[in-house]
2 protein chains.
Amino acid sequence: MKALERLQVHNIKPSMQRIAIMDYLLENYTHPAVDEIYTALFPKIPTLSKTTVYNTLKLFEEHDAIKMLTIDDKNTCFDIDTSPHAHFFCKKCNKIEDFNLMKPEQLKGLDQSNHLVTEVHLYYKGVCQECLRSEE
Amino acid sequence: MKALERLQVHNIKPSMQRIAIMDYLLENYTHPAVDEIYTALFPKIPTLSKTTVYNTLKLFEEHDAIKMLTIDDKNTCFDIDTSPHAHFFCKKCNKIEDFNLMKPEQLKGLDQSNHLVTEVHLYYKGVCQECLRSEE
DNA sequence: GTACGTGCAAAGAATTTGCAGATAA
DNA sequence: TTATCTGCAAATTCTTTGCACGTAC
């Protein structure tokens, strides 16, 4: 899917910067943080500012075009794949990879992809009962 | 389990501050962030500094006495329960609750605890194949 | 006395905000 | 025109670092 098309599908008004950022996300499945995107695009768009990257990613997320990942406590990362899937975070090189859901016996220890899995984190997000009530 | 005992089990040399912080974690299953712990303990220990809270939590984590949670991108939280379990993060009040593992049909939508689950995040952490090789 | 623990102040890094100029419908 | 988009600079927040003092064995 082309960047422009994807913006339109999610009701995001296109601009040069937005297309470039969406394009980067579509071409690079590296779950990039703000700085990676900024550094990659700056040579092509020398007027680009980090503020715009922040603004744009926030906008994309609000329109459900991307998903925010809070795996790495140093950097917020973004995923163009919004469907439910798991991730693997290497605590040494800090890279995030997509990961197939694993069977319980594969958790912890060495899995078939030869990564050493030491931690499993499962989070749900949403709105709790109390907050739902107070919204009425 | 008493705080002192838990420190000893994990080979952490006790001190007044360490006991107080461990005690707070054992008494409050709120998955507190640094600031919550600091604010709660400061009245009792007026000389306490945030640096010490940071140092202590880092030390606890290194000794596997607590687990760091990177759910909320604003605040790193800590969990005294190091066994594998799921969490629920309310995007409105920012509270983190323990959550039983849910069946797939309960994911997304309203579960039996009446929280509105809108996102499911599953992360694995560890060391990737490349980094394992370069360690040899 | 030596090693370790604590805490201040400063530095550093990630992110947000305010605002003014640029751009587009 | 009129609303929206962009980007600079400053502010804010979270976290780390350097260092000196204090404490304990």
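We name chains A, B, ... by the order of the sequence lines, and we start the count at 1 in each one. All values below come from the heavy atoms of this structure, side chains included, with hydrogens, waters and symmetry mates left out.
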Exercise for the section: Identify, between A:K13 and B:D35, the residue whose nearest nucleotide on DNA chain D lies closer to the 5' end. Expected result: A:K13

Problem - Spacing between A:I37 atom CD1 and C:dT15 atom C1', to the nearest angstrom - result: 14 Å

Exercise for the section: Report the residue (B:K58 or B:K74) whose heavy-atom-nearest nucleotide on DNA chain D is the more 5′ of the two. Expected result: B:K74

Practice task
Would you give the length of the straight line joining atom CD1 of B:I37 to atom CG of B:N28, rounded to the nearest 0.5 angstrom?
Solution key: 9.0 Å

Exercise for the section: Check whether any side-chain nitrogen or oxygen of A:S15 sits under 4.0 Å from OP1 or OP2 of D:dC5, and answer yes or no. Expected result: no

Practice task
Describe the nucleic acid contact of A:T51 in one word from base, sugar-phosphate, nothing, applying a heavy-atom distance below 4.0 Å.
Solution key: base

Handout entry: Point-to-point distance, once rounded to the nearest 0.5 Å, from NE2 of A:H115 to CZ of A:F89
Key = 13.0 Å

Problem - Rounded distance in Å - CZ (B:F78) to P (D:dT15) - result: 7 Å

Problem - Proximal nucleotide (of C:dT15, C:dC4, C:dT6) relative to the B:Q17 side chain - result: C:dT6

Problem - Nearest-nucleotide pick for A:V34, side chain only, options being C:dT15, D:dG7, C:dG7 - result: C:dT15

Practice task
Take B:E97 and A:C128 through the test side-chain contact (heavy atoms from CB on, under 4.5 Å) and record every step on the way to the result.
Solution key: CA-CA 9 Å; B:E97 298 178 19; A:C128 72; 4.3 Å; yes

Exercise for the section: Provide, to the nearest angstrom, the distance between the CZ atom belonging to A:F42 and the P atom belonging to D:dG7. Expected result: 10 Å

Handout entry: Atom pair NE2 (A:H31) and NZ (A:K95), whose distance is rounded to the nearest 0.5 Å
Key = 12.5 Å

Problem - Distance, rounded to the nearest Å, where A:I21 contributes CD1 and D:dC5 contributes P - result: 13 Å

Exercise for the section: Between B:R18 and B:Y38, just flag the one whose closest nucleotide in DNA chain C comes earlier from the 5' side. Expected result: B:R18

Exercise for the section: Scan B:K50 against the nucleic acid and name what it touches under 4.0 Å (heavy atoms): base, sugar-phosphate only, or nothing. Expected result: nothing

Handout entry: Euclidean distance, A:I71 CD1 relative to B:D73 CG, rounded to 0.5 Å
Key = 12.5 Å

Exercise for the section: With the side chain of B:S49 defined as its heavy atoms from C-beta on, choose the nearest nucleotide among D:dT15, C:dG7, C:dG5. Expected result: C:dG7

Handout entry: N or O in side chain of B:T76 less than 4.0 angstrom from D:dT15 OP1/OP2
Key = yes

Practice task
Starting from C1' on C:dA22, measure out to CG on A:L48 and report it in whole angstrom.
Solution key: 15 Å

Handout entry: Closest listed nucleotide, where the reference is the side chain of A:Y54 and the choices are C:dC8, D:dT15, C:dA14
Key = C:dA14

Practice task
Please answer whether the main-chain N or O of A:C77 pairs with a side-chain N or O of A:N75 as donor and acceptor at a distance below 3.5 Å.
Solution key: no

Practice task
Give the rounded distance in Å between these two atoms: NE2 of B:H63 and P of C:dC4.
Solution key: 12 Å

Exercise for the section: Look at all strands and tell whether B:T52 reaches a base, only sugar-phosphate, or nothing, counting heavy atoms closer than 4.0 Å. Expected result: base

Practice task
In whole angstrom, give the distance that lies between atom CG of A:N75 and atom C1' of C:dT15.
Solution key: 11 Å

Problem - Rounded interatomic separation in angstrom, taking CE from A:M16 and C1' from D:dC5 - result: 12 Å

Handout entry: Residue whose nearest DNA chain C nucleotide is more 5′ - B:D73 or B:N55
Key = B:N55

